[in-house]
Peer 1: 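Can you read through this structure? Questions will come right after.
Chain A is the first sequence line, chain B the second, and so forth, proteins listed ahead of strands; every chain is numbered from 1.
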Amino acid sequence: MQAHATVARESTSVPTGRVGVWWFLASEIAIFGGAVACYVLFRARYPDWADQAARTLGWAGAFNTAVLLTSSLSAVLAHHAAVRGEAVRASHMLRWTAVGGLVFLAVKVYEYAHEISAGLVPAQSLFWSFYYLLTGLHALHVTAGIVALLAVAASARRGHALGRVELVALYWHFVDVVWIFLFPLLYLSS
Amino acid sequence: MPHHLPEVASTFAPAIDGHIALIYVVCGVWLAAAEIALFWALFRYRRGASPRAAWMPADGARQAAWVLVPAAAVLGFDLFIEWDSARVWAHVKERTPRGNVEVRMTARQFGFDFHYPGPDGRLGTTDDVASRELRVPAGRIVRLEMESADVVHAFYVPELRLKQDIVPGRRIAAWFEPTRPGRYTIACAELCGVAHSLMQAPLLVEPVEAWRRWATQTGAIR
Amino acid sequence: MGDADGGHPMSGPAPTSFWRRYVFSTDHKVIAKQYLFTGVAMAFVGGLLAYVFRSQLAWPGEPVPGWGPVGLDEYNALVTLHGMIMVFWVAMPVLVAGFGNLLIPLMVGTDDMAFPRLNMLSFWIFFLSTLLVVASFFAPGGPPGTGWTLYPPLSTSGMPGAWGVDVLVLAVALEFAAFLMGGINFLTTAINKRARGMGMWDLPLFVWEEIIASIVFMLSVGPLIAGALMLLADRHFGTGFYDPRAGGDPLLFQHLFWFFGHPEVYVLLLPALGIVAEIFCAGARKTLFGYRTIVWATIVAGLLSFIVWAHHQFVAGIDPRLAAPFSLTTILISVPFSITIFALIATLWGGSIRFSLPLAWAVAMVAEFLLGGVTGIVNGSAAADIYVHDSYFVVAHFHYTLVPIALFAPLAGFYFWFPKMTGRMLDARLGLLHLVATVVFFNVTFLPQFALGMMGMHRRIANPAAFEFLREGMPLQELSTVGVIGLLVSQAPFVVNLVWSWLRGPVAGANPWRATTLDWQCPSPPPHGNFEREVVVRRGPYVYSPPGSAEDFVPQDAPDAERAGGGAVPSPLVQPAE
Amino acid sequence: MSDAHPSDRFAVLVWAALLAALLGSLALGAFVPTTMVVVWVFAVAVLKAGLVLYQYMHLKHEPRWVRLVVFGSLAVVAALLAGTIDDIVVAPGRL
């Protein structure tokens with residue numbers, strides 16, 4: 001017996017997809033917030049970590065921040081295109097955002113290689129344990145973001161589910177905001 | 001009123017027992033009141049005696065007061081308990097007076113090692129006397145400085161009403177003043193591995209003269 | 001922005017294949033049953049573990065019938081997994097996911113959860129975590145023996161089983177992921193898929209409790225997920241987050257664990273209170289007393305629950321000066337919950353109470369939970385905690401709170417909503433036998449543990465007789481063990497009743513308890529898509545016995561004209577402005 | 001809804017402001033990290049995060065309860081920090 005399908009209702013002014021993403025970002029804030037809080041506590045306990053932080057590649061961190069900020073811009077342009085119904089442009093912009101993510105990961109891989117070859121592995125000291133924990137967890141989120149961006153770009157190209165462009169853009173901005181705090185915490189405090 | 005409590009063997013044990021008794025009284029009254037209200041409502045307003053339920057419209061201030069007033073009373077009693085608790089806690093935990101007897105203890109997986117200051121009267125020197133048993137005088141303040149060699153352990157003696165976990169990487173102090181000579185058991189109250197169930201050490205409380213004779217004879221103190 | 005793709009298309013045509021209907025189903029009712037049965041099955045596993053280690057406690061060294069001798073490391077593992085399974089694989093799935101999935105869409109008058117596929121994914125990730133936690137029994141190097149609290153350095157040293165801790169931490173991490181997805185679904189559905197005319201203040205209290213529980217869980221679990229990653233890193237990558245020699249601090253994990261641990265027990269308490277509230281109103285035929293007062297008290301309690309955690313650590317090595325603030329917030333949080341309990345009792349006051357099994361179970365829950373609540377004050381007060389910390393008084397306290405929460409409340413909910421789930425009534429005689437036996441053996445099991453706690457028995461010891469000050473407590477140990485065995489055996493009438501009634505129980509109509517909330521305004525069992533017509537809500541959730549009305553209840557979505565004697569029913573709550 | 005979305009040009013302006021802030025924090029990074037400098041660096045970071053949140057994520061146009069969700073989860077993390085500072089930073093009795 002097929003029940004009469006009640007109309008898709010939205011009780012608040014915020015579309016259902018976006019309500020879900022905001023709650024998802026809230027739980028992510030709690031996870032990253034918890035990890036960053038532990039790092040900040042230990043930075044306060046061991047002021048001498050500043051000279052260990054000096055061994056991070058400051059220019060790489062700065063460049064990566066610029067890359068993520070730029071890819072946030074392309075994410076917004078993708079969202080604006082989706083709002084205007086320009087499916088192809090939205091999909092195109094999402095791909096540029098994903099490219100930004102890949103550049104970010106490439107720079108990260110270079111950084112890790114440089115640091116590991118210099119013996120700065122997670123077990124080297126507690127600062128480096130936190131460095132790999134925070135940047136590693138962030139890099140995982142960037143990777144997941146790239147996959148999501150490409151998936152939504154593919155479906156957006158056919159004009160399907162343009163609403164998802166905004167949702168994946170929201171997630172990408174969150175990943176950018178996390179890096180905005182990780183950069184000064186890990187790199188600049190030298 | 002608290003039941004099954006072991007005998008009292010330290011100066012602050014009565015304070016802790018008294019505080020527990022205070023909570024039993026206050027909470028006992030509230031528990032009885034709530035249980036009676038619950039079961040009396042069930043009986044008094046059963047369908048037979050009350051064919052139609054009362055109509056209580058939207059919860060205005062008056063209706064809320066029925067619940068907020070008792071809750072305010074609960075808050076009042078809670079704050080009173082909290083005040084008494086803070087007083088006892090400060091006495092037992094927030095200060096560790098200089099002890100007539102200073103002993104350093106290292107807890108490790110599955111045993112307690114005690115170190116007396118030794119003839120030079122100072123802890124941490126080469127002449128410290130080690131012992132597997134904590135032997136202390138009655139009527140004197142004993143100050144313990146505790147460390148752990150591996151995982152989290154705990155120093156716990158029921159008759160002293162004293163419990164203190166020991167976290168590796170920290171030196172944690174505790175004090176007690178035993179009142180009754182006798183043999184007691186120190187147990188580890190924090191799960192510390194396979195043989196946690198067997199981890200214990202003897203605590204011997206002796207009259208002062210007997211203890212001093214033993215201590216000077218073994219060179220445990222100056 | 002086009003609404004076509006913004007709003008989710010209504011649940012499509014009903015699935016036909018066996019796999020789509022019962023196994024990989026996106027229907028919230030099927031997912032609810034999957035969670036409930038996994039939870040009930042794990043409850044028997046957890047219960048059998050308790051039988052084994054309680055037998056060891058009562059008769060130390062004797063081989064336990066059905067298990068054999070219990071070694072020291074085995075004992076630690078049994079206790080660890082009993083704790084883990086009962087909290088994460090029984091209480092959470094049954095209370096939060098089982099009843100949440102079953103009732104939220106029905107109570108808000110919609111067809112399904114906001115993200116059906118995410119809902120299905122959350123169950124199967126949870127199912128994987130269930131397999132993993134059972135697998136941790138047989139992990140190389142033995143099952144984990146660190147206590148469900150997994151305190152480092154014990155949990156980060158190789159001692160207690162090489163892989164046991166890792167498999168367990170992975171299982172818990174997957175379980176957290178499943179409940180994060182579930183939480184997002186619950187929140188989005190309750191916020192955005194309410195029926196037309198249903199304001200937030202027209203939600204049944206159960207939905208409010210699930211919303212607040214989901215938020216508290218979601219925000220408190222974050223730091224522990226980071227903590228678990230650090231724990232795994234310490235075990236495998238030689239990092240020193242919790243190793244004092246490397247500059248880390250074991251207390252960090254304790255803080256992260258209990259920052260999650262205490263809100264977690266409120267995440268379990270809130271749905272239980274929601275179930276009791278629904279049953280009290282239907283049983284007493286009376287409007288819930290102080291609906292908004294309870295909702296605000298629960299919100300305040302949810303906020304307070306984030307700043308009470310260190311009462312688990314008064315004597316665990318934290319700075320003694322920290323005890324005062326946390327002891328104060330712990331004692332303060334008893335106030336909002338006493339408001340809720342008083343309001344529930346006040347709901348019965350002035351009612352017209354019909355005896356029924358759900359009501360009997362709900363009353364048993366409140367009566368027993370009260371004892372659990374007041375003994376919480378003993379643990380919450382720092383001074384008393386010096387003696388009772390890590391003692392069996394604490395064990396008795398949290399069983400007097402968690403068993404009413406995770407056994408009595410779900411059983412009350414089960415007897416209440418079984419007719420809605422299956423269209424059949426459960427047998428009252430078997431139900432009463434099950435109720436009396438369970439309540440009696442519950443008290444026989446845990447009252448002696450209060451005494452053992454006061455006597456000084458400390459936790460997680462396999463052989464109490466090895467301690468001179470516990471020898472005279474051995475008869476109490478045996479009494480408690482007899483209680484556990486009785487508790488397990490007294491579940492038999494329930495299982496019989498469950499199976500027999502599902503197949504041949506008397507047919508229950510759409511609304512056997514004559515309740516007002518929307519979950520009772522659709523057929524039993526609800527079809528795929530729940531409601532046959534569009535639901536329009538016209539009044540608050542608990543319009544029972546309004547003056548001048550022949551019927552003693554008016555459903556939330558009943559049209560105004562339908563009431564005998566005409567005239568709009570005076571809604572006890574705000575008439576939703578639409 | 002579509003009028004609430006600023007034009008692409010405005011988004012580029014915000015992007016430029018973000019890059020400028022980044023250069024600002026780099027410049028600050030060159031100084032000896034006194035507490036003032038650290039405070040300034042984090043002020044810039046908060047400014048950048050604010051720009052992305054309010055402009056790019058349209059938090060400005062969202063109803064109040066969405067802002068409550070975001071800042072509520074930050075408050076929870078702050079509660080964790082406040083409760084553990086004494087034990088982890090000061091860590092009395094630390095060897």
Side-chain angles (χ1 to χ4, degrees), chain A residues 12-15 18-19 22-23 25-34 36-38 40-46 50 53 58-59 61-62 65-66 68-70 72-77 79-81 83-85 166 169-170 172-174 176-178 180-185 187-190, chain D residues 1-2 4-8 10-12 14-16 18-19 21-23 25-26 28-30 33 37-38 41-42 44-53 55-59 61-63 65-67 69-74 76-82 84-85 87-91 94:
Chain A
T12 63
S13 62
V14 185
R18 210 153 78 208
V19 172
W22 277 117
W23 282 112
L25 294 185
S27 68
E28 287 285 341
I29 287 173
I31 297 174
F32 273 103
V36 166
C38 297
V40 166
L41 288 167
F42 277 106
R43 271 315 289 264
R45 178 164 166 171
Y46 301 115
W59 62 268
T65 311
L68 277 190
L69 288 178
T70 312
S72 257
L73 170 66
S74 58
V76 170
L77 298 180
H79 166 47
H80 289 176
V83 162
R84 289 192 294 269
E166 181 192 14
L170 273 178
W172 193 253
H173 293 313
F174 168 75
D176 182 16
V177 167
V178 169
I180 284 175
F181 284 105
L182 288 188
F183 173 58
L185 281 169
Y187 292 83
L188 276 192
S189 46
S190 49
Chain D
M1 269 300 275
S2 61
H5 286 275
S7 65
D8 290 359
F10 181 78
V12 172
V14 170
W15 172 68
L18 286 167
L19 282 189
L22 171 64
L23 293 180
S25 57
L26 282 177
L28 284 169
V37 171
V38 169
V41 165
F42 282 104
V44 169
V46 168
L47 169 77
K48 284 196 287 188
L51 271 175
V52 172
L53 264 172
Q55 293 310 327
Y56 281 1
M57 298 168 92
H58 305 301
L59 201 54
H61 310 307
E62 295 281 25
W65 60 269
V66 174
R67 277 194 287 278
V69 164
V70 172
F71 296 112
S73 43
L74 285 173
V76 162
V77 173
L80 171 69
L81 253 176
T84 48
I85 282 180
D87 260 340
I88 306 293
V89 178
V90 177
R94 165 160 62 104

Peer 1: Which atom names give the shortest non-hydrogen contact between Ile180(A) and Ala45(D), and what distance separates them?
Peer 2: CG2-O, 3.4 Å
Peer 1: For Val52(D), which atoms come within 4.5 Å of any heavy atom of chain A: side chain, backbone, both, or neither?
Peer 2: side chain
Peer 1: Side chain, backbone, both or neither: which part of Ala91(D) has a heavy atom under 4.5 Å from chain A?
Peer 2: side chain
Peer 1: Does any heavy atom of chain A fall under 4.5 Å from the side chain of Val12(D), the backbone, both, or neither of them?
Peer 2: both
Peer 1: Could you tell me whether the side chain of Leu73(A) reaches within less than 4.5 Å of the side chain of Tyr56(D), counting heavy atoms only?
Peer 2: yes
Peer 1: Indicate the atoms forming the closest heavy-atom contact of Leu41(A) with Val89(D), along with that distance.
Peer 2: O-CG2, 3.5 Å
Peer 1: Could you grab the distance from atom OG of Ser73(D) to atom CH2 of Trp22(A), nearest 0.5 Å is fine?
Peer 2: 10.0 Å
Peer 1: With a 4.5 Å heavy-atom cut-off, do Trp65(D) and Val19(A) have their side chains touching?
Peer 2: yes
Peer 1: Tell me, out of Val66(D), Val14(D), Leu53(D), who's got the most heavy-atom pairs with chain A below 4.5 Å.
Peer 2: Val66(D)
Peer 1: Give the minimum heavy-atom separation between Asp8(D) and Arg84(A), together with the two atoms involved.
Peer 2: OD2-NH2, 3.0 Å
Peer 1: Only pairs of heavy atoms separated by less than 4.5 Å count here; which of Ala75(A), Ser72(A), Ala30(A) has the most with chain D?
Peer 2: Ser72(A)
Peer 1: A side-chain contact here means heavy atoms from C-beta on lying under 4.5 Å apart; do His173(A) and Leu59(D) qualify?
Peer 2: no
Peer 1: A side-chain contact here means heavy atoms from C-beta on lying under 4.5 Å apart; do Leu25(A) and Met57(D) qualify?
Peer 2: yes
Peer 1: Which atoms of Val46(D) come close to chain A, meaning under 4.5 Å heavy atom to heavy atom: side chain ones, backbone ones, both, or neither?
Peer 2: both
Peer 1: Distance check, rounded to the nearest 0.5 Å: His58(D) atom NE2 versus Glu166(A) atom CD?
Peer 2: 6.0 Å
Peer 1: Check whether Thr70(A) gets within reach of chain D through its side chain, its backbone, both or neither, counting any heavy atom under 4.5 Å.
Peer 2: both
Peer 1: Which pair of non-hydrogen atoms, one from Ser7(D) and one from His80(A), has the smallest distance, and what is that distance?
Peer 2: O-CE1, 3.8 Å
Peer 1: Nearest heavy-atom pair of Ala49(D) and Val177(A): which atoms, and what distance?
Peer 2: CB-CG1, 4.0 Å
Peer 1: Which of these passes side-chain contact (heavy atoms from CB on, under 4.5 Å) with Thr65(A): Leu19(D), Leu26(D), Leu22(D)?
Peer 2: Leu22(D)
